[in-house]
**Student:** 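Below is one structure. I have some questions about it.
Atoms within each ligand, like the ligands themselves, are counted from 1 in listed order.
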Amino acid sequence: MQERSFKDVKISDYDAVVVGSGFAGSVVARELAERKDARVLILEKRSHIAGNMYDEFDDADILIHRYGPHIFHTNDKRAFDYINRFTEWRYYEHEVLADLHGTYMPVPFNKNSMEIVFGKEEAAARIEKLIATFGDERKVTINELRSNNDAELAEIADFVYDNVFLYYTQKQWGVTPEEVDPSVTARVPVFVSRDNRYFQDTYQGMPEAGYTPLFENMLDHPNIDICLEVDAESVFELEFEENGENAPLESIDIKGVSFTSPIIYTGPLDELFLSRFGRLPYRSLDFKYETYDCDYAYPCGTVNFTVSEDYTRITEFKHLTGQICDGTTIMKEYSHAYEDPKTQIPYYAIINEKNQAHYEKYLQLTRNLDNFYLIGRLAEYRYYNMDQIISRALDLSDKLCSS
Ligand code: FAD
Ligand code: UDP
């Protein structure tokens, strides 16, 4: 990978342009470079590669994540095998505790949480009831649990709803759990189990040296050039088939030349069109870091504050990375509406029918441009984990490499 200044770039030297260097953009760039011998230009608006997976050492020399805690987990062997090429792995299985006014309880809420909350004896009867109703080792969504009419189950459901989901969801999304798409809270079920892990996937872990070196290795190919701090919106000239706000895109000019080879776009779709139909709603985050003069400040990788505080969760990176050093850095996450593209980052699409219809309006504008490919959590306006993005990027690469 060579870093290039955009002003020196000759666009006719490239067989593909990729916008964004997160997993979506980087996997496609690597695949095209390697399998098709294509010369690929990546445009990245941040000052570094790796998208939201970017990690670096802070002033206390502690490896931290700059855009939220990232733990790799998947059942998708192809996605796992693929990134195995670019990193060694550290064995790590993420555990999360909820802080209930100072008492820690495993999340997802499970048999162990039940004993902490209700005491062993009372918990035993409730666990039996859960097993009889849903089966042992079963995952039950909070919605499924709440819709059951049994009085004893209703008590568990109310407890979990009030103490795990309600306040956390209000902080994270600005609305109650009933108002978010059911797929969102379903990510964190009630688990009729003693398994305290946050994820049960077959493959889990952290890149041994961190995510940024993983991306450096992935992009280390002589056919890949990258321009950092270049916003595609400012260098793409969009040509439309006719006048009017619904006119479809006809071509994209870069440096005055119509670029007819593949353009892979992984940024927010509305921003490409200068939000002409209004901005797509997202949630953004602020991160506050604190460094302490002790080995560990918390008992596990993440503590969720489900009934108190104005931040949602605290992540202590040393648990994730296994770094052995003096001191520890923690990060608090504060969620809010995404309002200013100049100063904020869109982290979470807000999944619902209205927003999907809004997104479709933008999608329609791209329907006639057959060298334009949208992929990624932002470009597709979806709530994807890393492995899903890697898988989708490999599918798109197969398609592009076979044409
Ligand atoms: P991104 O990583 O967002 O990359 C997009 C890139 O495009 C960025 O570098 C951006 O700067 C660039 N870009 C955007 N617009 C433009 C433009 N106009 N011009 C140039 N460049 C542009 N997934 C997991 O599997 N496990 C986790 O533990 C996990 N934790 C997460 C925690 C948080 C707080 C968040 C927000 C997400 C988490 N995820 C996790 C999801 C993970 O971040 C995404 O799946 C992944 O980042 C998607 O990759 P991407 O390439 O689509 O997007
Ligand atoms: N959630 C919650 N309490 C928790 C954990 C999760 O209410 O202790 C809900 C909340 O709505 C959250 C969603 O479940 O946004 C998904 O949680 P997850 O940990 O998967 O979120 P992410 O890591 O993607 O931010």
**Student:** Within a reach of under 6.0 Å around CZ of Arg382, are more than 12 heavy atoms found that belong to other residues, nucleotides or ligands?
**Tutor:**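 No, the 6.0 Å shell around CZ holds no more than 12 heavy atoms from other groups.
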**Student:** Does the side chain of Tyr161 come under 3.5 Å of the side chain of Glu178 through a donor N or O and an acceptor N or O?
**Tutor:** yes
**Student:** Is there a donor-acceptor contact under 3.5 Å from the side chain of Asn110 to the main chain of Ser113?
**Tutor:** yes
**Student:** Is there a nitrogen or oxygen of Gly376 sitting under 3.5 Å from a nitrogen or oxygen of ligand 1?
**Tutor:** no
**Student:** Backbone or side chain, does any N or O of Val164 fall under 3.5 Å from an N or O of ligand 2?
**Tutor:** yes
**Student:** Under a 3.5 Å threshold, yes or no: a donor from one side chain and an acceptor from the other, between Ser26 and Ser21?
**Tutor:** no
**Student:** Heavy-atom contact under 4.0 Å between Ala379 and ligand 1?
**Tutor:**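 No, that is not the case, since the closest heavy atom of the residue is not under 4.0 Å from the ligand.
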**Student:** Taking N or O atoms only and a 3.5 Å limit, does Leu285 qualify as a polar contact for ligand 1?
**Tutor:** no
**Student:** Looking only at protein heavy atoms, identify the closest one to atom 13 (C) of ligand 2 and say how far it is in Å.
**Tutor:**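 The protein heavy atom lying closest is Val184 O, 3.5 Å.
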**Student:** Using heavy-atom distances only, which candidate in Val28, Ile389, Ile375 approaches atom 49 (O) of ligand 1 most closely?
**Tutor:** Ile389
**Student:** Do any nitrogen or oxygen atoms of Lys45 come within less than 3.5 Å of a nitrogen or oxygen of ligand 1?
**Tutor:**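 Among all N and O atoms of Lys45, at least one is under 3.5 Å from an N or O of ligand 1.
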**Student:** Identify, by atom number and element, the atoms of ligand 2 in contact range of Asn304, meaning under 4.0 Å from any of its heavy atoms.
**Tutor:**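 Every atom of ligand 2 under 4.0 Å from some heavy atom of Asn304: 4 (C), 5 (C), 8 (O).
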**Student:** Closest non-hydrogen protein atom to atom 17 (O) of ligand 2, residue and atom name please, with distance?
**Tutor:**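 Checking every protein heavy atom, the shortest distance to atom 17 (O) of ligand 2 gives Val188 CG2, 3.4 Å.
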**Student:** Heavy atoms only, cut-off 4.0 Å: how does Glu271 contact ligand 1, side chain, backbone, both, or neither?
**Tutor:** neither
**Student:** Any sub-3.5 Å donor-acceptor pair from His358's side-chain atoms to Pro281's backbone N or O?
**Tutor:** no
**Student:** Tell me the protein heavy atom at minimum distance from atom 15 (O) of ligand 2, and give that distance in Å.
**Tutor:**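 So the nearest neighbour among protein heavy atoms is Trp173 NE1, 2.8 Å.
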**Student:** Output the list of atoms in ligand 2 that are nearer than 4.0 Å to some heavy atom of Thr306, sorted by atom number.
**Tutor:**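 Near Thr306, meaning under 4.0 Å from one of its heavy atoms, ligand 2 has 8 (O).
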**Student:** For atom 23 (O) of ligand 2, what's the nearest protein heavy atom and its distance?
**Tutor:**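 Atom 23 (O) of ligand 2 sits closest to the protein heavy atom Arg313 NH1, 3.0 Å.
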**Student:** Should Val180 be listed as contacting ligand 2, given a heavy-atom distance under 4.0 Å as the test?
**Tutor:** no
**Student:** Which atoms of ligand 2 have any heavy atom of Gln172 under 4.0 Å away?
**Tutor:**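 Listed by number with element, the hits are 15 (O).
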**Student:** Could you tell me whether Val230 approaches ligand 1 through its side chain, its backbone, both or neither, with non-hydrogen atoms closer than 4.0 Å?
**Tutor:**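 It is the backbone that touches ligand 1; the side chain stays farther off.
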**Student:** In this structure, does ligand 1 have an atom that sits under 4.0 Å from one of the heavy atoms of Tyr348?
**Tutor:** yes
**Student:** Which is closest to atom 43 (O) of ligand 1 by heavy-atom distance: His65, Gln172, His70, Met386?
**Tutor:** His70
**Student:** What atoms of ligand 2 come closer than 4.0 angstrom to any heavy atom of Tyr348?
**Tutor:** 22 (P), 24 (O), 25 (O)
**Student:** Which of the numbered atoms in ligand 2 are under 4.0 angstrom from any heavy atom belonging to Tyr383?
**Tutor:** 16 (C), 21 (O), 22 (P), 24 (O), 25 (O)
**Student:** If we ignore angles and hydrogens, is there a donor and acceptor under 3.5 Å between the side chains of Thr343 and Asp340?
**Tutor:**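 Side chains of Thr343 and Asp340: pair found under 3.5 Å.
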**Student:** Identify, for atom 19 (O) of ligand 2, the protein heavy atom at the shortest distance, and state residue, atom and that distance.
**Tutor:** Tyr198 OH, 2.5 Å
**Student:** Is Glu333 in polar range of ligand 1, meaning some N or O pair under 3.5 Å apart?
**Tutor:** no
**Student:** Using distance alone, determine whether Ala24 and ligand 1 share an N or O pair under 3.5 Å.
**Tutor:**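 Yes: some nitrogen or oxygen of Ala24 is under 3.5 Å from one in ligand 1.
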**Student:** Any nitrogen or oxygen of Phe23 lying under 3.5 Å from a nitrogen or oxygen in ligand 1? Just yes or no.
**Tutor:**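 The answer is yes, given that Phe23 and ligand 1 share an N or O pair closer than 3.5 Å.
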**Student:** Say whether Glu44, considering both its backbone and side-chain N or O atoms, lies within less than 3.5 Å of an N or O atom on ligand 1.
**Tutor:** yes
**Student:** Does an N or O from Tyr168, backbone or side chain, lie closer than 3.5 Å to an N or O of ligand 2?
**Tutor:** no
**Student:** Specify side chain, backbone, both or neither for Gln170, according to which of its non-hydrogen atoms lie closer than 4.0 Å to ligand 2.
**Tutor:** neither
**Student:** Any idea which part of Asn52 is under 4.0 Å from ligand 1, heavy-atom wise: side chain, backbone, both or neither?
**Tutor:** both
**Student:** Look at atom 20 (O) of ligand 2 and say which protein heavy atom is nearest, naming residue and atom and giving the distance to 0.1 Å.
**Tutor:**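 The closest heavy atom on the protein side is Arg187 NE, 2.8 Å.
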**Student:** Could you find the nearest protein heavy atom to atom 10 (C) of ligand 2 and give me its residue, atom name and distance?
**Tutor:**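 For atom 10 (C) of ligand 2, the nearest protein heavy atom is Thr169 OG1, 3.5 Å.
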